Engineer: 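Before anything else, here's the structure in question.
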Amino acid sequence: MYASVAGLKAHMQKLSVIGNNVANVNTQGYKKQRTVFRDSVYSLYSAGSNGTSSVGGMNPSQLGYGSKIGSIDLNMSSASYNPGNPTDCALVGDGFFLVGTKENANVTNPANYDDFSSESLKSLMLTRVGDFEFKADSYLTDSRGNVVYGFMCVGEETDPKTGKTKPIISDQLVPIRKPRWEKNEDGSYTIHYPRTDIDPNTDAPVGGNNGGGDADATTAQKLVDDKPKYHAENNGAAGDADDTTPDAEYEFAQMDSISIDAKTGCITGVSKADGKLITIGYLAIGSVDNPNGVTHVGNSYYQCMAGAGDMHVSMLGNVQKDLGISQINGSMMKQPEDAGDDAAPEYKSGTDILSTDTEMMVGFLESGNVDLAEEIAELITTQRGYQANTRIITVTDSMLEELVNMKR
């Protein structure tokens, strides 16, 4: 009887898993679960023997006490893809989009490189649902309001080989947002990209009038948005060298025709002022050693916790090689004073920006991978298993009743 009770509990738990899969048959990016049964404990009825010179061996006899849930596993395989909005994204292959709150940037992009490690990456959430768009605060976010993380454009330069202008991309992992702009006297606008030359101790440009001479001009600082008080000729608010009141950042640039490149994850937009194409940044793709070992945290989000292994960051199309970035926040690292000129930088382990074979579809969302026919078949066999266990309990009860009636 107790073995059957254990079987009933196990089958009820499996029914809960099947019900959750069926309930999410139309949930975007949902990954189905499966239940694996294991037999439970055993008691030794009679011991086994290897035999002697006079008698043969005997097998051990054991009594089992039912079944139990061995594991509830995730199936991270992809299914089909549904058309969506122009900035919707769907990954084809392994990997996740990286999302989180704006405060997570203090962990993935701290002011001091020594406070950063590969474990810092695990503060971000993972998702396969790429329902992205730029909201009113000019940050790229998903439908739940979590900002999307990636690598920002911090300027432009001319390629000496082609003579064409190309973006300068920072290696700091931060929330993706639009650059800012400033309206000039002639009515035109100047784009102000995020900056990596602001000393966090003095809140002024490194090497400028307010730099204090203490900051290392060869090392990037924490990425921040541009604002008037950073101008080197001003110590305080713009236009008043004696005013120490900090100014707010410039306004976010207004853009049209924002698009995401499917091959590289490059996000661009067209300025509403002059029609110039502006590079905003690049999407970062997260991966873990064991994709099936990630932990559900609700709302189609996962996190890299125990069982998933280490977390890594890559870029689509291996574009990091063309952009000249190889280490997350690597530009912020300062060489030890006793290091020689030819010493290789000692970057934090596990912070390489890796290559990936994962591809992306733009304008699509990934659908769930639940096979409804398979779930219904599992439901039927689970129901019959549950029913069989109830019959064992019924038969056992009848036998006990006969035993009690023997006294009569």
Side-chain angles (χ1 to χ4, degrees), residues 1-22 24 30-79 93-94 119 122 287-296 302-312 349-350 369-408:
M1 178 183 290
Y2 293 111
S4 296
V5 170
L8 288 176
K9 291 180 179 180
H11 281 79
M12 278 299 298
Q13 290 169 327
K14 183 176 181 179
L15 279 173
S16 297
V17 173
I18 295 172
N20 187 52
N21 287 340
V22 173
N24 287 282
Y30 176 77
K31 301 303 178 183
K32 66 181 180 181
Q33 297 174 292
R34 69 167 185 179
T35 307
V36 177
F37 284 171
R38 298 272 184 183
D39 49 357
S40 191
V41 297
Y42 287 83
S43 64
L44 187 63
Y45 184 74
S46 64
S49 171
N50 291 330
T52 66
S53 58
S54 58
V55 297
M58 293 179 59
N59 295 328
S61 298
Q62 295 176 284
L63 291 175
Y65 288 90
S67 61
K68 63 180 181 179
I69 297 294
S71 64
I72 301 175
D73 303 322
L74 270 176
N75 182 344
M76 296 300 294
S77 62
S78 299
D94 294 336
E119 291 296 312
K122 295 183 179 182
S287 62
V288 296
D289 295 335
N290 177 22
N292 294 335
V294 293
T295 302
H296 273 287
Y302 307 91
Q303 275 200 299
C304 179
M305 296 182 179
D310 293 328
M311 183 169 164
H312 311 280
S349 175
N369 63 352
V370 177
D371 186 333
L372 193 55
E374 179 182 334
E375 296 300 322
I376 296 300
E378 286 288 327
L379 177 63
I380 293 173
T381 58
T382 303
Q383 179 191 13
R384 292 306 182 189
Y386 186 89
Q387 186 178 28
N389 278 278
T390 61
R391 292 292 182 269
I392 295 294
I393 295 176
T394 302
V395 170
T396 304
D397 179 59
S398 298
M399 294 172 64
L400 290 173
E401 182 181 8
E402 291 295 328
L403 181 63
V404 171
N405 289 339
M406 285 178 62
K407 183 177 180 182
R408 300 177 184 176

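The first residue in the sequence is number 1, and the count goes up from there. Computed from a predicted model, the values in this text were never measured in an experiment.
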Engineer: What distance separates Ile392 CD1 from Asp397 CG, expressed to the nearest 0.5 Å?
Structural biologist: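 Between atom CD1 of Ile392 and atom CG of Asp397 there are 13.0 Å.
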Engineer: Could you tell me if the side chain of Ile393 sits less than 4.5 Å from the side chain of Val5, heavy atoms only?
Structural biologist: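 Result yes, sub-4.5 Å side-chain heavy-atom pair found.
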Engineer: Does any non-hydrogen side-chain atom of Glu375 lie less than 4.5 Å from one of Val370?
Structural biologist: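 In short, these two side chains touch, coming nearer than 4.5 Å.
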Engineer: State whether the side chain of Asp289 and the backbone N or O of Asp310 hold a donor-acceptor pair below 3.5 Å, judged by distance alone.
Structural biologist: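 Flag set: sc Asp289 to bb Asp310 pair under 3.5 Å.
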Engineer: So for atom CG, which belongs to Asn24, do other residues, nucleotides or ligands contribute more than 12 heavy atoms lying within a distance under 6.0 Å?
Structural biologist: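 Counting neighbours around CG of Asn24, more than 12 heavy atoms of other residues, nucleotides or ligands fall under 6.0 Å, so yes.
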Engineer: For Gln33 and His296, work out which heavy atoms get closest and say how close.
Structural biologist: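 Looking at all heavy atoms of both residues, the shortest contact is NE2-CD2, 4.3 Å.
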Engineer: Can you name the closest pair of heavy atoms from Leu44 and Pro60 and give their distance?
Structural biologist: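 Heavy atoms of Leu44 and Pro60 come nearest at CD1-CB, 4.3 Å.
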Engineer: To the nearest 0.5 angstrom, please state how far the NZ atom of Lys68 sits from the CG atom of Asp39.
Structural biologist: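 Lys68 NZ to Asp39 CG: 8.0 Å, rounded to 0.5 Å.
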Engineer: Once rounded to the nearest 0.5 Å, what's the spacing between atom CG of Asn405 and atom CG of Leu400?
Structural biologist: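 Rounded to the nearest 0.5 Å, the CG-CG separation comes out at 11.0 Å.
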Engineer: Hey, does Val55 have a side-chain heavy atom less than 4.5 Å from the side chain of Thr52?
Structural biologist: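 Yes, at least one pair of side-chain atoms sits under 4.5 Å.
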Engineer: Tell me, please, which residues at least two apart from Val41 pass side-chain contact (heavy atoms from CB on, under 4.5 Å).
Structural biologist: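 Here the qualifying residues are Tyr65.
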Engineer: Counting only heavy atoms from other residues, nucleotides and ligands, does the tally under 6.0 Å from CE of Met12 exceed 12?
Structural biologist: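 No, the 6.0 Å shell around CE holds no more than 12 heavy atoms from other groups.
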Engineer: Are more than 12 heavy atoms from other residues, nucleotides or ligands located less than 6.0 Å from atom CE of Met305?
Structural biologist: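 Result for CE/Met305: enclosed.
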Engineer: Compare every heavy atom of Ala3 with every heavy atom of Gly64, then report the nearest pair and how far apart it is.
Structural biologist: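 In this case the closest contact between Gly64 and Ala3 is O-CB, 4.2 Å.
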Engineer: Please report the C-alpha distance between Arg34 and Glu378 in whole Å, then the side-chain angles of each, then the deciding distance to 0.1 Å, and finally whether the salt bridge (charged side-chain N to carboxylate O under 4.0 Å, His left out) criterion is met.
Structural biologist: CA-CA 10 Å; Arg34 69 167 185 179; Glu378 286 288 327; over 6 Å; no
Engineer: Show the nearest heavy-atom pair for residues Asn369 and Lys31, with the distance to one decimal.
Structural biologist: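 Closest heavy-atom pair between Asn369 and Lys31: OD1-CA, 3.3 Å.
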Engineer: Tyr30: what forms a ring-ring contact (aromatic ring centres under 6.0 Å, His included) with it, not counting sequence neighbours?
Structural biologist: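 With neighbours one apart ignored, the set is empty.
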Engineer: Can you name the side-chain contact (heavy atoms from CB on, under 4.5 Å) partners of Gln383, sequence neighbours left out?
Structural biologist: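 Once residues adjacent in sequence are excluded, Gln383 has no partner under the side-chain contact (heavy atoms from CB on, under 4.5 Å) criterion.
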Engineer: When rounded to the nearest 0.5 angstrom, what distance separates CG in Leu379 from NZ in Lys14?
Structural biologist: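 So the gap between those two atoms works out to 10.0 Å.
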Engineer: Which distance, rounded to the nearest 0.5 Å, do you find between the NZ of Lys32 and the CG of Asp73?
Structural biologist: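 Reported value, rounded in 0.5 Å steps: 12.0 Å.
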Engineer: How close do Val288 and Cys304 get, heavy atom to heavy atom, and via which atoms?
Structural biologist: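 Result for this residue pair: CG1-SG, 3.7 Å.
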Engineer: Is there a side-chain contact between Tyr302 and Thr295 in this structure, where contact means two heavy atoms from C-beta onward sitting under 4.5 Å apart?
Structural biologist: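 Heavy-atom side-chain distance check fails, nothing below 4.5 Å.
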Engineer: Of the non-hydrogen atoms in Tyr386 and His11, which two are nearest, and what is the gap between them?
Structural biologist: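 What the structure gives for the nearest pair is N-CD2, 3.7 Å.
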Engineer: Let me confirm one number: the OH-CG distance from Tyr2 to Leu63, rounded to the nearest 0.5 Å.
Structural biologist: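 Answer rounded to 0.5 Å: 14.5 Å.
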